[in-house]
Amino acid sequence: MPRFARTSPAHLHAVLATALTVLVLVGASATTTVQAATGSTPGAWQPPTPGDVVRRFDLPARPWLPGHRGIDLAAPAGTPVVSPAPGVVTFAGQVGGKPVVVVSHGDLRSTFEPVEAGTRVGDHVRAGGLVGRVAADGGSSHCAPTGCLHWGVRRGTAYLDPLALLGRAAPIVLLPLPTA
């Protein structure tokens, strides 16, 4: 005999009510996480370059697993790169043989590569202010032959979806619970 056949209607109602409450709380928590991750009102930030998104954010399940911790925007060498929000340049130099610029925006920081800096560490930049230009990468980019700008955003050690800052992140979808 199925287990639920022995369960009283009141108990079944309580189980279903608890499950619904959990789903609502998970949904509210997920929505809050996205809103908190933006650090500002979605849409208040601007893209660092006008190119199309050629690769989306793909956070891995574990920090050491492969993924894509930012987005790639189509941008040939020489394309201007602007600060997506007001901030301070906190790094401009080579990382792993690629030119990188980092702009801190309070508790968030944007990383851009490959970018030849047009600013120096300590420079204050306004939203839309030039921080550099997409560097030629000699065809080594995963976006070759056209080139792209990689834009990453972090809060502390947590990677965030830059599109959330633009109000364009993929929607959160709650999946049904597996049936037993």
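In this text the structure is predicted, and so the values were computed from the model without any measurement.
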Minimum heavy-atom separation for [X] and [Y], please, with both atom names.
X: V134; Y: P76; answer: CB-O, 3.7 Å
X: P99; Y: E116; answer: CG-OE2, 3.7 Å
X: P114; Y: C148; answer: CD-O, 3.6 Å
X: Q46; Y: V82; answer: NE2-CG2, 3.6 Å
X: R120; Y: V89; answer: O-CB, 3.5 Å
X: L130; Y: T119; answer: O-CG2, 3.4 Å

Same cluster for [X] and [Y] if Ile/Leu/Val/Met/Phe/Trp/Tyr side chains link at under 4.5 Å?
X: F112; Y: V88; answer: no
X: V95; Y: V81; answer: no
X: V102; Y: V125; answer: no

When you compare the side chains of T90 and S104, does any donor N or O come within less than 3.5 Å of an acceptor on the partner?
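A donor-acceptor contact under 3.5 Å links the two side chains.
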For the residue pair W151 and T111, confirm or rule out a side-chain donor-acceptor distance under 3.5 Å.
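No.
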Is any side-chain heavy atom of [X] less than 4.5 Å from a side-chain heavy atom of [Y]?
X: D161; Y: I71; result: yes
X: P84; Y: L165; result: no
X: L108; Y: L160; result: yes

Test: ring-ring contact (aromatic ring centres under 6.0 Å, His included). Region: residues 55-109. Which pairs qualify, not counting sequence neighbours?
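Every ring-ring contact (aromatic ring centres under 6.0 Å, His included) pair that includes a residue of residues 55-109, provided the two are not neighbours, is W45-H105, H68-H150.
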Side-chain donor or acceptor of R109 paired with backbone N/O of G156 under 3.5 Å:
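At least one qualifying donor-acceptor pair exists.
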Closer than 3.5 angstrom, by distance alone: can the side chain of D52 be matched with the main-chain N or O of V54 as a donor-acceptor pair?
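Side chain of D52 to backbone of V54: no pair is present.
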Run the side chain to side chain contact (heavy atoms under 4.5 Å, CB included) check on D72 and L149 step by step: do they pass?
CA-CA 5 Å; D72 291 340; L149 170 71; over 6 Å; no
Partner set under side chain to side chain contact (heavy atoms under 4.5 Å, CB included) for R133, not counting sequence neighbours:
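For R133 the side chain to side chain contact (heavy atoms under 4.5 Å, CB included) partners, ignoring immediate neighbours, are P80.
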